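Shown next, in structure tokens, is the structure this report addresses.
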Amino acid sequence: MTTLEGKRRDPRVALAGTLLLAVALALAPFAVGAGAGIAWVRVIDFALLYIMLALGLNIVVGFAGLLDLGYIAFYAVGAYLYALLSSPHLAGAFPSLAPGLHWPIWAILPLGALVAGAFGVILGAPTLRLRGDYLAIVTLGFGEIIRIFMNNLNRPVNLTNGPQGITQIDPIGIGGVSFGRTLDVFGIGLPSVYLYYYLFLGATLLVVFVSIRLEDSRIGRAWVAIREDEIAAKACGINTRNIKLLAFAMGASFGGVAGGLFAGFQQFVSPESFTLMESVMVLCMVVLGGMGHIPGVIFGGILLTLLPEALRYGAGPVQTALFGKVLVPPESLRMLLFGLALILVMLYRPAGLWPSAIRRREFAGAGNSPENGAGSERE
Amino acid sequence: MAREASVSEVLLDARGIAKSFGGVQALRDVSLTIGRGEIYGLIGPNGAGKTTFFNVLTGLYSADSGEVQFDGARLDIGLPHLVTRQGIARTFQNIRLFANMSALENVMVGRHLRSHASVIGAVLRNRATRREEADIVDRAHRLLRYVGVDARANDLARHLSYGDQRRLEIARALATEPKLLALDEPAAGMNATETASLRQLVESIRADGVTVLLIEHDVKLVMGLCDRVAVLDYGEKIAEDVPDRVQRDPKVVEAYLGGALA
Amino acid sequence: MDTFIQQIVNGLVLGSIYALVALGYTMVYGILGLINFAHGEVVMVGALTALSIVKALSGSGLPGPVIALLGLMGAIPVCMALGFTIERVAYRPLRNAPRLAPLITAIGVSIVLQQVMMLGWGSTYLSFPALFSETPHSLMGAHINDLQIMIVCVAGATMAGLILLVQKTRIGRAMRAAAENPAMASLMGVNVDRIISFTFVVGSALAAVAGLMVSANYSIAHYSMGFMLGLKAFTAAVLGGIGNLAGAMLGGVLLGLIESLGSGYISDLTGGVLGSNYRDVFAFFVLILVLVLRPSGLMGEQVSERA
């Protein structure tokens, strides 16, 4: 728990650190844009979306210990919801809706969270009373089924426009300011990707905040208790079914929000973006970073968004230099590395690359007084 | 001390409990009553159905027939979390702690059903939630002190010694504010000193108004500690009385082949 | 009416393949209580290995069935070795780890296998040469060709062989003992680790057979074919009662029939609103229904005497 942990440190140091981080985050797009080019700012925007996804999945997998292999489906639900409610598309199927629906973002995102959460409950209700492996397989199937529907729901009523996807989605706009084009602030031109950066950063910080608060609550403790020993959790009076459903719904709703932001950002959605491999990638972020450990998961999200980009730019030329041609295309290399990472991390570092500090604290934490006890058993 | 067979006020009244597993009759028509404030022992040879009875009572198994009245209401057999809510808390024969949570957190989980913060409360951390959290932490610390594990509050449960783990499990069960605390072989694997201090702990728990149901192999402990004892053999209750009389009951002696009780 | 018979025939063919794959899931589950997520990929590796052999031999003038047999002879040892390795690398070290761990390594193994095979065999759909005469025989108004007859017969024979293995041989008894109670079996002198390896190897051999069959049946093989097939075969295993051999066979055949009839009639049933492109959805709904209504599966009572 960051706030209480801060108490033990010198508050001035903590404040300085927070300020420094805030300045760094605020200036990041300018630094990256100037140093590496605007394309990399876009990459960072995606990193933020993935962090939100990873934190959502972390609630399900990391806290409650439920393996969800179709998590991207909830992202898809959020994205398609935004696409339908904020584009001319529906006017094609229902002429009375011309010129399509153009709902504002503040109406769509909560709805997206709600609908994705509802999908989570519908999917979880039949499976959560069974053993965990069943949930894994059902979610795996669900991820594919959602894609089949996205691909085929262009008939008899054109809802999803099939494999072509939905285009001409409205960019996100808040209070008359569209994020889709450069905004002039006191003579500084802020390109669209910079604007999205700040929006996504805000959303990510909110998701981080909610995650931390949930983790350090009776609900978060109940999730972890279920992960550790379900029978003992029941004996402690926890209604495990409901608490698991809650984890599932919370995780799904994070995915729904991220999906909505994604659709507005891309202004285009198609089933291509929501394959099983995307689910696996988000799972990798959680596992690699450190299941159940929020900073680790954020780290995993950043690492795994940047890595493929680095591969895209680096792997080709390096292979050409070494072997005279590209033996392994970057996309395959990325998936291969993900697969190997999942195996190796589970075998050799099951707590992830950046595990929770609980073990470190075990040796240092004997002298805590009851007052800061609540904060100190988590970090 | 109520070392009398007559029960002043009934807390738990189990009637005709039967349970079978794929043709094996683990319990047949077991009835017993536990009085408020008693320490009640349940003994019997291995495989006599003690743990099965325990699991039925605490909701882990549903019974094939029979019913349990607890504190004036019908017990929701088969739904552990509701049983706990009604006021029966338990420990496990093979300790089941939340291994990767600290000792303090283990006890805090025990407060789950006596606290109310929702997702919204947890996220906003409003006044009521803050007060509730503070209360949870405070009670958890007091319970750890009560069972004598407070020095290890911030250590992971799995790093505690065996005896401390047993005590921590009791603290976690007490956190649910039970009327009846059900202990499944709490002295298993303990040495004489640990057993003696466990005995003190159980007595002080009773002194604080919690009724105790004890399953035990250690017959000496049961006979010394319990007000009344029931004996199960092959899934049937063969005796229920004060320890002295149970010890002399020929059926009981026979069930134990004379050895353990001699 | 003859469409109905035709869908039954197609369903039986498909179902025999599902049954073979489902056996692999159910045997491993019976002994380890673990869903071997990578099993579908073993089928895929078997299919692509067989495809390469068959392609290399298809100009040789050998008769089709002989080529198919040689393809099988090549694919089976490859898959057996693969199954053995997967268990050693991904599952055995994690036998006492939390339940989540082997599931995650299995996902990792699946991805690695897919990518490796894609690098070797390319990412395009590969056509599987026709090995049997495609002249259909008429059967009560439906058409069935030699290949389909072969699939049903070979699958039946393989399953009969498996039952003999489990019921009549020493190692089969050891398998049943290990499935019943691993601790007890090891006390009785059964080398449980070896039995587990053996189970993976046998399951993988069945997967190789299924791999050849499924690619011959659809005349296509592809590096990502294992995923959906695995999912469906798992559904079949759950439908029959996971851990139960006869259940896996029954579940496989039933699922084949459901899928075949479902995708054949969905268009009529929904007035043309939904078409056969929803065929992959059936297995999923069957899975959900079984889990809701009867999680122990059709033959679930026998779950305690698994294998």
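A note on names: the letters A, B, ... follow the listed sequences, proteins ahead of strands, and every chain is numbered from 1. Given the structure is predicted, the values throughout are model-derived calculations rather than measurements. What you see below is based on every heavy atom in this structure, not just the backbone, and it leaves out hydrogens, waters and symmetry mates.
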Trace of the side chain to side chain donor-acceptor pair (under 3.5 Å) decision for Gln7(C) with Tyr265(C) = CA-CA 9 Å; Gln7(C) 299 299 355; Tyr265(C) 286 100; over 6 Å; no

Yes or no on side chain to side chain donor-acceptor pair (under 3.5 Å) for Ser197(C) and Arg92(C), after CA distance, side-chain angles and deciding distance?
-> CA-CA 9 Å; Ser197(C) 285; Arg92(C) 185 166 301 182; 2.8 Å; yes

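You'll find the side chain of Asp68(A) reaches within 4.5 Å of the side chain of Phe74(A), heavy atoms only. Between Met249(C) and Tyr18(C), the closest side-chain pair of non-hydrogen atoms is not below 4.5 Å. When side chains are defined from C-beta on, Ile59(A) does not count as touching Leu55(A), because their heavy atoms never get closer than 4.5 Å.
Heavy-atom neighbours of Phe119(A) CZ from other residues, nucleotides or ligands within 6.0 Å: at or below the threshold of 12. Within 6.0 Å of CD on Glu272(A) lie no more than 12 heavy atoms contributed by other residues, nucleotides or ligands.
Interface remark: Leu69(A) contributes side-chain atoms only to the contact with chain C (heavy atom separation under 4.5 Å). In this structure, chain A has a heavy atom under 4.5 Å from the side chain of Leu287(C), while its backbone stays farther away. Of the atoms belonging to Leu123(A), it is side-chain heavy atoms, and not backbone ones, that fall under 4.5 Å from chain C. Heavy atoms of Leu291(C) lying under 4.5 Å from chain A belong to its backbone as well as its side chain. Looking at Leu344(A), neither its backbone nor its side chain comes within 4.5 Å of chain C, counting heavy atoms on both sides. For Val280(A), the part sitting under 4.5 Å from any heavy atom of chain C is the side chain, from C-beta outward, and nothing else. Looking at Val345(A), neither its backbone nor its side chain comes within 4.5 Å of chain C, counting heavy atoms on both sides. Within the 4.5 angstrom heavy-atom criterion, atoms from both the backbone and the side chain of Ile104(C) approach chain A. In this structure, the portion of Ile145(A) lying under 4.5 Å from any heavy atom of chain C is its side chain and not its backbone. Proximity to chain C involves both the backbone and the side chain of Ser332(A), based on heavy atoms less than 4.5 angstrom apart. Within the 4.5 angstrom heavy-atom criterion, no atom of Leu113(C) approaches chain A. Residue contact with chain C, scored on non-hydrogen atoms closer than 4.5 Å, involves the backbone and the side chain of Phe142(A) alike. Proximity to chain C (any heavy atom under 4.5 Å) is restricted, for Val287(A), to the side chain, taken from C-beta onward.
Using cut-offs of 30° and 60° on the angle between ring planes, the pair Phe149(A) and Tyr278(C) is tilted. Relative ring orientation between Tyr91(C) and Phe200(C) is described as tilted, the plane-to-plane angle lying within the 30° to 60° band.
The candidate with the highest count of non-hydrogen atom pairs below 4.5 Å against chain A, out of Val238(C), Ile288(C), Leu103(C), Ile111(C), is Ile111(C). Ranked by non-hydrogen atom pairs under 4.5 Å with chain C, the options Asn152(A), Leu336(A), Leu333(A) are led by Asn152(A). The candidate from Val89(C), Val109(C), Ile35(C), Leu34(C) with the greatest count of non-hydrogen atom pairs under 4.5 Å with chain A is Ile35(C). Highest contact tally toward chain C, considering only Leu66(A), Leu140(A), Ile343(A), Leu153(A), is held by Ile343(A) [criterion: heavy-atom pairs under 4.5 Å]. Counting heavy-atom pairs closer than 4.5 Å to chain A, the top residue among Val116(C), Thr235(C), Leu94(C) is Leu94(C).
Between Lys244(A) and Glu230(A), at least one side-chain nitrogen of the basic residue sits less than 4.0 Å from a carboxylate oxygen of the acidic one, meeting the salt-bridge criterion.
A donor-acceptor pair shorter than 3.5 Å cannot be found between the side chains of Tyr223(C) and Glu41(C).
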